[in-house]
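Here the structure is a predicted model, which is why all the values come from computation and not from measurement. Throughout, a chain's letter reflects where its sequence line sits, starting with A, and its residues are numbered from 1.
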Number of protein chains: 2
Amino acid sequence: MGTSERKEREKERKKALILKSAEALIFEKGLDNLNMDEVAERAEVSKGSLYSYFSSKTEIVLGICNKATGMLSKEISEVLTKDIPGIEMVYSIGATFLNFVRAHPEFFRSMRFFDNLKDTDQLSESDYIELCQSNINTSFTSMVRAIQVGMQDGSIQSSYDPKELAVLLWSTSHGLVNMAYLHQNTPHFQLLEKNNIDMNSLFEAYMKLIGCGIATEGDIVHDDLKLIFETEKK
Amino acid sequence: MGTSERKEREKERKKALILKSAEALIFEKGLDNLNMDEVAERAEVSKGSLYSYFSSKTEIVLGICNKATGMLSKEISEVLTKDIPGIEMVYSIGATFLNFVRAHPEFFRSMRFFDNLKDTDQLSESDYIELCQSNINTSFTSMVRAIQVGMQDGSIQSSYDPKELAVLLWSTSHGLVNMAYLHQNTPHFQLLEKNNIDMNSLFEAYMKLIGCGIATEGDIVHDDLKLIFETEKK
DNA sequence: CCCATTTATTGACTTTTAGTCATTTTTTGA
DNA sequence: TCAAAAAATGACTAAAAGTCAATAAATGGG
């Protein structure tokens with residue numbers, strides 16, 4: 001009869017509509033001020049109906065996080081298609097991440113919300129947790145691949161364990177990017193201002209520091225870094 | 001007369017008592033589940049009274065953050081008194097930070113809460129914000145000092161700007177330490193488990209990576225790292 | 001096309017918790 | 001001793017997440 005399939009599609013359409021409304025509200029007022037009554041109003045459904053599509057506010061934010069991590073992992077994956085040495089892929093992935101957070105701070109916030117979920121939140125009942133984890137894993141795998149490419153093409157030292165190195169670059173770049181987020185979005189974060197440090201040059205210094213540690217001789221100094229960096233900014 | 005001074009002392013004593021109660025509750029139930037009624041009950045004051053000492057829940061958490069950042073900055077400052085090369089001071093500061101977060105995850109949480117304050121929170125009216133900022137600045141200054149010591153004693157390359165390098169180490173170690181926090185405290189964070197990576201060896205790899213970037217020839221490989229590391233763990 | 005049954009929608013209601021304030025109690029000092 | 005000031009109280013308000021009995025809409029067999 002095809003009725004149930006149509007219903008299923010209709011349901012997905014409405015979930016998407018609700019997520020779109022929530023996303024709009026988050027961009028307008030910030031993730032902290034997201035309000036379920038307002039989401040319902042914006043999506044033109046009743047509160048009860050809203051809760052039949054999303055079991056909790058957390059679930060909605062995870063829906064946003066799914067979109068965020070999906071976008072980011074797609075952008076990061078695209079780096080791997082470039083015809084450049086592995087070490088530059090690593091640089092480019094870092095720049096992609098930084099630019100993503102600058103362009104979409106609230107998406108980044110939803111990602112941190114995901115990171116900080118406690119088991120007390122309805123962890124296992126969520127449809128989106130697995131999707132988010134999968135997206136993040138895709139990004140992480142891209143990082144591992146870039147490192148492996150670099151080891152293959154000789155631009156990255158083969159002495160490291162690719163996965164360990166990937167985790168290291170992953171966590172340190174998170175730290176740097178989080179600082180960029182704080183610098184841009186929280187007014188009382190003054191560390192960069194106070195010390196007259198420009199985020200872009202800090203990022204270049206990070207690349208250089210990493211380069212010294214992992215690149216092979218010829219690739220240590222990455223002269224085009226600034227160029228890549230501006231390109232990434234689209 | 002001395003009455004007003006006694007009152008002042010009495011007031012401080014009571015604030016400290018309330019903070020102590022809040023701290024106990026945070027350790028028992030986590031920062032997310034901190035409840036003002038329970039704080040009042042634990043501190044044996046009424047809710048109204050509680051609010052005459054602390055203007056908001058945020059203010060209490062900032063009070064905790066003040067203690068946390070104070071403890072950390074003290075521990076970090078002590079590293080500078082050691083008779084070791086600057087590069088090892090840098091390593092030791094990192095290890096101190098990591099061990100602090102492992103030992104006091106809820107304190108670290110309060111520090112992140114501070115980081116993420118929005119201007120919509122009563123930012124300027126807080127007594128503790130300045131104290132927290134000052135504590136953090138003390139820690140940061142210790143890092144700058146360690147780098148300067150290293151440049152003086154020849155264990156760290158002088159080609160870097162000490163402050164920029166300090167910010168870089170600050171933010172990247174935050175990233176690493178945050179990952180350690182997530183690994184230890186959020187069950188669905190599986191990146192390390194999935195890739196069979198041990199946090200301690202990851203930290204050593206971080207030290208090595210930094211070492212390659214900033215140390216002078218003789219100090220690049222830091223053989224005693226593991227030793228220092230265990231010592232730090234107290 | 002009708003109507004019984006299932007499915008979806010509604011919004012008033014409950015619950016929780018931060019924060020307030022009129023009232024009461026305690027302290028102060030002349 | 002007692003009036004005024006300061007501190008303490010807890011019942012109350014407000015805001016927002018989440019629930020559910022009642023209602024409306026869709027479905028599909030006869």
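- Judged by a 6.0 Å distance limit and a 45° cone about the ring axis, K14(B) is not positioned over the six-membered ring of Y53(B).
- Between the side chain of S134(A) and the main chain of E130(A), no donor-acceptor pair closer than 3.5 Å is present.
- Per the geometry, CG belonging to N33(B) stands 14 Å off P belonging to dT16(C), to the nearest Å.
- Side-chain contact, S126(A) with E59(A): a donor N or O sits under 3.5 Å from an acceptor N or O.
- To the nearest angstrom, P of dA12(C) lies 17 Å from OH of Y51(A).
- In this structure, H104(B) has its ring center closer than 6.0 angstrom to the ring center of F100(B).
- We find that CD of E38(A) is positioned 11 Å from C1' of dA15(D), with the value rounded to whole Å.
- Following rounding to the nearest Å, L25(A) (CG) and dA16(D) (P) show an atom-to-atom distance of 13 Å.
- With salt bridges taken as basic N to acidic carboxylate O contacts below 4.0 Å, one links R42(B) and E28(B).
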task: Determine, for nucleotides 4-9 of chain D in 5'-to-3' order, which nucleotides have protein heavy atoms under 4.0 Å from the base (write B), from only the sugar-phosphate (write S), or from neither (write -).
output: --S-SB
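- Note: CG (L17(A)) to P (dT9(C)) measures 12 Å, nearest angstrom.
- Within 6.0 Å of the CZ atom in R145(A), the count of heavy atoms belonging to other residues, nucleotides or ligands does not exceed 12.
- Open room surrounds CD on E41(A); 12 or fewer heavy atoms of other groups in view lie less than 6.0 Å from it.
- In this structure, the CZ atom of F54(A) is 13 Å from the P atom of dT9(C), given to the nearest Å.
- Checked against the 6.0 Å centroid threshold, F27(A) and F107(A) count as a close aromatic pair.
- The interatomic distance linking D32(B) (CG) with dT17(C) (P) rounds to 13 Å, in whole Å.
- Taking the screw axis at each terminus of the helix from dC1(C)-dG30(D) to dA30(C)-dT1(D) from five consecutive base pairs, the angle between the two is 10° to within rounding of 10 degrees.
- To the nearest angstrom, P of dG11(C) lies 11 Å from CD of E41(A).
- Looking at K29(A) and E38(A), a side-chain N of the basic residue comes within less than 4.0 Å of a carboxylate O on the acidic one, giving a salt bridge.
- Using a 4.0 Å heavy-atom distance criterion, L34(A) is classed as a sugar-phosphate-only contact.
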